[in-house]
Participant: 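Mind having a look at this structure? Questions to follow.
Computed from heavy atoms alone, side chains included, the values below leave out hydrogens, waters and symmetry copies.
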Protein chains: 2
Amino acid sequence: MSGPSTHAFLKHIPLFSVCHEDELSRLAERAIEQRYEKGQMLFQRGDPCQGMYVLVYGRIKIAIVARQGTEKVIEIIHPSQSFGEAVMFLEQPYPVMAQAVEDSLVLFIPAETLFTALDDDSRLARRMLAGLSMRLRTLLKDVETYTLESAVERVVGYLLNSLEDSDDNVVNLPVNKQTLASRLNLTPETFSRVLQKLSEQAGIVVEGREIRVPDRNKLSEMRNLA
Amino acid sequence: MSGPSTHAFLKHIPLFSVCHEDELSRLAERAIEQRYEKGQMLFQRGDPCQGMYVLVYGRIKIAIVARQGTEKVIEIIHPSQSFGEAVMFLEQPYPVMAQAVEDSLVLFIPAETLFTALDDDSRLARRMLAGLSMRLRTLLKDVETYTLESAVERVVGYLLNSLEDSDDNVVNLPVNKQTLASRLNLTPETFSRVLQKLSEQAGIVVEGREIRVPDRNKLSEMRNLA
DNA sequence: CGAGCTGAATGATCAGAGTCAAGAATCGAG
DNA sequence: CTCGATTCTTGACTCTGATCATTCAGCTCG
């Protein structure tokens, strides 16, 4: 990806789509392309933060690591999503780690570059505020899910959510089941058992990373009854 | 609280402390004082959001409500804290509810007023971005706590955290034990038992809403062993 | 093609925390 | 000060989901 295509790429990211052309050019110019192989770390908890990221292609997982090394996936980043903005504003070390779960290409935007852009354009600031607010809302939803819902409810919720976008009846898991289980705050074993149960009782069909859902209502009903 | 004192109050809130005098005056002028009695709702999930709040005195709890009416406290707001900004930027209905747990006075700042101030002053925008980022970090920490820590660890963590500010060895619970239990994602019963256990094994002394911690290290050690 | 990995499924067991039910203590209004 | 209502504590029991251990399936690579 060279200069001009970086410009084009940024332009269709919601966050930057409001920017003026010359501002976009400036951002594109200073953005740094970084390639990561599957398994490589982008940053670890405690690392200093010098800017934000936008994922071009591949897949990144964001996770927290407990004292004993237990890892809990917070978020799975898809292409065109940005991450790391919040930490940049706080000027504190990363509270999480980021790791490529597939070969990935990211754009790194240095903090200085972004701060300048923010001062120049109050619309960008507004977008950014909305973006962080959205992130906050999502995280809040996660808290709600983790604390108020059972294992079955969490899985059903995830599946129905994933179905909303695509209009066929298939969910393609974005990562392996271990990682997804962690994202849903389940052990792989429990996740497997829940899928098993849903196959029997809600008629879903699991084939590797592909899950077919012939009847959404039936699946949805599993949430209500214990 | 009249106009001039509102100005003074806002001035010592970190978020607004960067504002110019005339901007502060404008904010103070348009801010609306609202009084709530203990138990009164400020807003409910689903209500439209027209601005943000700053708590002057009293105590507010922010909570999510599940389908069956189960309530989970997300945050306990103390004086000088602001809340509701994120929802304002999203222009969506509230995903949470807010209720006064003591007689309270809040300042309501209309969205329009704030948006104007943001456009006029990029420093305010920057502060606001930092503020939301901070909120995000806190919520992330909560996810970490809920998913990775046991009941005892959560309570010990809360106590040690509360001790950090005050330098005597006493924690004064800001709300009743039910509410605090919910904030820590525990049932009141479990919370009570954990306090019981910590009294026996870590030497803390519980007297109503006052908890004395003679030995922080001893308390801290409770986190590690099962 | 077979050895060795990694990811996934399954079974047996266990434990942490929730639920239900019953008292005790505390608070607040009159 | 007293009655009634919350709020808190304690006990007995249950249950969800974690842990541990094993087997199985699918790949990759020499």
Participant: Which nucleotide, C/dT19, D/dT19, C/dA8, lies nearest any side-chain atom of A/Arg193?
Facilitator: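 From the listed options, D/dT19 comes nearest.
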
Participant: For the atom pair CZ (B/Phe83) and CD1 (B/Ile60), what is the distance rounded to the nearest 0.5 Å?
Facilitator: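 So the gap between those two atoms works out to 5.0 Å.
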
Participant: Check every atom of C/dA8, D/dT19, C/dT19 against the side chain of A/Lys177 and return the nucleotide holding the closest atom.
Facilitator: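 Selected nucleotide (nearest to the side chain): C/dA8.
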
Participant: Find which nucleotide of DNA chain D each of A/Asn185 and B/Pro188 is nearest to by heavy atoms, and output the residue with the more 5' nucleotide.
Facilitator: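 It is B/Pro188 whose nearest nucleotide is closer to the 5' end.
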
Participant: Between P on C/dA9 and CD on A/Glu207, what's the gap in Å once rounded to a whole number?
Facilitator: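 The answer, rounded to whole Å, is 12 Å.
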
Participant: Tell me which of B/Lys38 and B/Ala151 sits closer to the 5' end of DNA chain C, going by the nucleotide each one is nearest to.
Facilitator: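 Nearest nucleotide further toward 5': that of B/Ala151.
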
Participant: Kindly indicate, with the supporting measurements, whether the criterion side chain to side chain contact (heavy atoms under 4.5 Å, CB included) is fulfilled by A/Val73 and A/Val175.
Facilitator: CA-CA 11 Å; A/Val73 176; A/Val175 289; over 6 Å; no

Participant: Between A/Thr187 and D/dA18, is there a contact of a side-chain N or O with OP1 or OP2 at under 4.0 Å?
Facilitator: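 Checking A/Thr187 against D/dA18: at least one side-chain N or O falls below 4.0 Å of OP1 or OP2.
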
Participant: Whole angstroms only, please: what is the CG-P distance between A/Leu173 and C/dA8?
Facilitator: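 Whole-Å distance recorded here is 9 Å.
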
Participant: What integer distance in Å separates B/Glu210:CD from D/dT7:C1'?
Facilitator: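 Result: 18 Å.
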
Participant: Less than 4.5 Å apart, side chain to side chain, heavy atoms only: is that true for B/Val206 and B/Leu198?
Facilitator: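 A side-chain contact under 4.5 Å is absent here.
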
Participant: Rounding to a whole Å, what distance do you find between B/Met222:CE and C/dG16:P?
Facilitator: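 Result: 13 Å.
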
Participant: With a 4.5 Å cut-off on side-chain heavy atoms, are B/Ile109 and B/Phe16 touching?
Facilitator: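 B/Phe16 reaches B/Ile109 side chain to side chain.
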
Participant: To the nearest 10°, give me the bend of the helix from C/dC1-D/dG30 to C/dA22-D/dT9, comparing the axes of its five terminal pairs at either end.
Facilitator: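 That helix has its two terminal axes inclined by roughly 30°.
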
Participant: Of the candidate nucleotides C/dA17, D/dT7, C/dT10, which contains the atom at the shortest distance from the side chain of A/Ser192?
Facilitator: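 Nucleotide nearest to A/Ser192's side chain: C/dT10.
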
Participant: Could you state the atom-to-atom distance from CG of A/Leu180 to P of C/dA9 in whole Å?
Facilitator: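 In whole Å, C/dA9 P and A/Leu180 CG are 12 Å from each other.
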
Participant: Within this structure, what is the CD-to-P distance between B/Gln196 and C/dA17, rounded to whole angstrom?
Facilitator: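 Rounding to the nearest Å, CD of B/Gln196 and P of C/dA17 are 16 Å apart.
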
Participant: Contact class for A/Glu189 (heavy atom, under 4.0 Å): base, sugar-phosphate, or nothing?
Facilitator: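 Answer is base: heavy atoms of A/Glu189 come under 4.0 Å of a base.
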
Participant: Measuring to OP1 and OP2 of D/dT16, would you say a side-chain N or O of A/Ser150 lies under 4.0 angstrom away?
Facilitator: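 False: A/Ser150 side-chain N/O out of range (4.0 Å or more) of D/dT16 OP1/OP2.
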
Participant: Does A/Met52 reach the side chain of A/Leu15, with side-chain heavy atoms less than 4.5 Å apart?
Facilitator: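 Yes, at least one pair of side-chain atoms sits under 4.5 Å.
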
Participant: Using 30° and 60° as the class limits, which term best fits the ring planes of B/Phe43 and B/Tyr94: parallel, tilted or perpendicular?
Facilitator: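 If you compare the ring of B/Phe43 with that of B/Tyr94, the planes turn out parallel.
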
Participant: Nearest whole angstrom, please: distance from the P of C/dG18 to the CZ of B/Phe191.
Facilitator: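 Going from B/Phe191 (CZ) to C/dG18 (P), I get 13 Å.
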
Participant: Walk me through it: do A/Gln40 and A/Ser104 pass the test side chain to side chain contact (heavy atoms under 4.5 Å, CB included)?
Facilitator: CA-CA 10 Å; A/Gln40 245 190 308; A/Ser104 301; over 6 Å; no

Participant: Rounded to whole angstroms, how far apart are CG on B/Asn176 and C1' on D/dC8?
Facilitator: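 To the nearest whole Å, that distance equals 10 Å.
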
